[in-house]
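Throughout, residue positions are numbered sequentially from 1 according to the sequence presented. Quick caveat: nothing in here was measured; it's all calculated off a predicted structure. What you see below is based on every heavy atom in this structure, not just the backbone, and it leaves out hydrogens, waters and symmetry mates.
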Amino acid sequence: MTTAQLRQNGPLSSARHTMSKVPEVTALFWIIKVLTTGMGETASDYLAHVMDPMVAVALGGVALVASLAVQFAVRRYVAWIYWTTIVMVSVFGTMAADVLHVGLGVPYLVSTPFFLLALAAVFGVWFATERTLSIHSIHTRRREVFYWATVLATFALGTAAGDLTATTMGLGYLASGIAFAVLIAVPAVAHRWLRLGAVPSFWIAYVLTRPLGASFADWMAVSHDRGGLDLGLGPVTAGWTVAILALVGYLAATRKDVSG
């Protein structure tokens with residue numbers, strides 16, 4: 001799904017383009033999004049291993065609030081600020097799902113539908129209030145609040161769903177990653193040949209990027225006994241972070257994700 005396909009509510013004015021708080025939807029958008037999901041997964045697990053998990057969650061929450069504050073403070077899309085916020089949502093969304101499972105003992109069979117219902121509720125309130133779910137209508141503060149609430153819900157849902165398939169269902173991380181790689185093509189196919197709208201196609205794919213990236217990152221990090229490559233949480237987090245920094249730096253320099 002491209003930016004042009006997502007603008008199904010009619011052409012936006014040039015002023016609204018200037019004030020847009022989200023990037024253009026390009027191939028690099030999807031690549032960086034998948035990278036942030038994997039990096040958030042391993043970073044969350046790494047922090048929980050090197051420090052007290054409650055301290056890690058608290059620090060993750062503070063970092064998320066700080067990044068959101070900066071994101072809301074700026075008046076237009078800024079690549080570094082936006083993608084830093086996405087990374088913080090990824091880390092904290094992972095922690096939220098893990099706290100339910102590890103800390104409170106809630107099985108993934110319960111937390112996955114719980115987060116799905118939470119996401120549906122956010123979508124429902126957003127649409128009832130604004131009559132659109134298009135990410136290219138994010139030019140008011142209220143819509144921005146809905147947007148980031150949705151993003152956080154998608155990360156928590158994707159984390160729980162990925163762990164559900166990999167652990168509870170016993171597929172393992174590699175098989176889960178491959179399964180989600182296949183599934184993420186479904187909304188694109190449905191949009192092209194089955195007339196599924198661009199906006200629902202986008203959000204379905206957006207949710208699926210989370211378990212897709214997280215499954216492959218976990219596969220790279222975990223031990224051979226768990227079916228992984230045993231590269232370690234720290235090195236995988238660092239490697240994916242370098243890739244994110246390089247791509248976001250490219251977008252910041254070229255502004256290829258900014259509508260003109």
Could you go through the side-chain contact (heavy atoms from CB on, under 4.5 Å) check for L59 and L47 one step at a time?
CA-CA 10 Å; L59 290 176; L47 291 173; over 6 Å; no
Step by step, would you call T209 with I184 a side-chain contact (heavy atoms from CB on, under 4.5 Å)?
CA-CA 7 Å; T209 59; I184 204 168; 3.6 Å; yes
Evaluation steps, side-chain contact (heavy atoms from CB on, under 4.5 Å), between L119 and T154
CA-CA 7 Å; L119 177 60; T154 64; 3.8 Å; yes
Before you tell me yes or no, could you show the steps for W203 and I135 under side-chain contact (heavy atoms from CB on, under 4.5 Å), namely the whole-Å CA-CA distance, both residues' side-chain angles and the distance that decides it to 0.1 Å?
CA-CA 9 Å; W203 283 116; I135 67 166; 3.4 Å; yes
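With contacts defined as side-chain heavy-atom distances shorter than 4.5 Å, the pair V25/H136 qualifies. Considering only heavy atoms from C-beta on, Q71 comes within 4.5 Å of W148 through its side chain. Between K21 and H139 the shortest side-chain heavy-atom distance does not fall below 4.5 Å. Side-chain contact between R76 and V258 is absent, with no heavy atoms from C-beta onward closer than 4.5 Å. In this structure, the side chains of T150 and Y206 stay at 4.5 Å or more apart for every pair of heavy atoms. Looking at heavy atoms from C-beta onward, S137 lies in side-chain contact with R143 at the 4.5 angstrom threshold. The closest side-chain heavy-atom distance from L196 to I204 is below 4.5 Å. Side-chain contact between L212 and T37 is absent, with no heavy atoms from C-beta onward closer than 4.5 Å.
The CG atom of L174 sits 8.0 Å away from atom CG of L229, with the distance rounded to the nearest 0.5 Å. In this structure, CZ on R226 lies 4.0 Å from OH on Y173, to the nearest 0.5 angstrom. In this structure, F72 CZ and E144 CD are separated by 4.5 Å, a value rounded to the nearest 0.5 Å. Atoms CZ and CZ, on F127 and R131 in that order, are 4.5 Å from each other to the nearest 0.5 Å. The structure places NZ of K256 at 9.5 Å from CG of L251, a figure rounded to the nearest 0.5 Å. Here the CG atom belonging to L171 is positioned 8.5 Å from the CZ atom belonging to F180, to the nearest 0.5 angstrom.
Listed here is the closest heavy atom pair of F115 and A160: CD1-CB, 4.0 Å. Residues T112 and L157 share a closest heavy-atom pair of O-CD1, 3.3 Å. Taking each heavy atom of G197 and H191 in turn, the nearest pair found is C-ND1, 3.7 Å. Pairing each heavy atom of T237 with each of A43, the nearest pair is OG1-N, 3.3 Å. Smallest separation of non-hydrogen atoms from A221 and T42: CB-CG2, 4.2 Å. When all heavy atoms of S134 and T132 are compared, the pair lying nearest together is N-OG1, 3.1 Å.
Listed for the W80 side chain is no donor-acceptor partner under 3.5 Å among the backbone atoms of V248. Looking only at distances, a side-chain donor or acceptor of S90 sits under 3.5 Å from a matching main-chain atom of T36. Proximity of a side-chain donor or acceptor of H224 to a complementary backbone N or O of G228 within less than 3.5 Å is detected.
The hydrophobic clustering, which links ILVMFWY residues whose side-chain heavy atoms are closer than 4.5 Å, places F155 and L117 apart. By the criterion of side-chain heavy atoms lying less than 4.5 angstrom apart, applied directly or through intervening Ile, Leu, Val, Met, Phe, Trp or Tyr residues, L64 is grouped together with F146 in one hydrophobic cluster. Residues F202 and F123 are members of one and the same hydrophobic cluster, defined by side-chain heavy-atom contacts under 4.5 angstrom among Ile, Leu, Val, Met, Phe, Trp and Tyr. Linking ILVMFWY side-chain heavy atoms closer than 4.5 Å, directly or via other members, places L68 and V74 in two distinct hydrophobic clusters. I31 is connected to M220 through a chain of hydrophobic side-chain contacts under 4.5 Å among Ile, Leu, Val, Met, Phe, Trp and Tyr, so both are in one cluster.
Only one option out of D257, L28, L245 pairs with Y250 in a side-chain contact (heavy atoms from CB on, under 4.5 Å); it is L28.
Heavy-atom contacts from other residues, nucleotides or ligands closer than 6.0 Å to OH of Y46 number 12 or fewer. Counting non-hydrogen atoms of other residues, nucleotides and ligands closer than 6.0 Å to CZ of F114 gives a total of 12 or fewer. The environment of CE in M51 is crowded: more than 12 heavy-atom neighbours from other residues, nucleotides or ligands sit within 6.0 Å.
Taking the six-membered ring where the residue is Trp, Y77 and Y82 present perpendicular rings, their angle passing 60° and hence far from 30°.
For residues 38-54, the salt bridge (charged side-chain N to carboxylate O under 4.0 Å, His left out) pairs, not counting sequence neighbours, are E41-R210.
Side-chain N/O atoms of T165 and S176 include a donor and acceptor closer than 3.5 Å.
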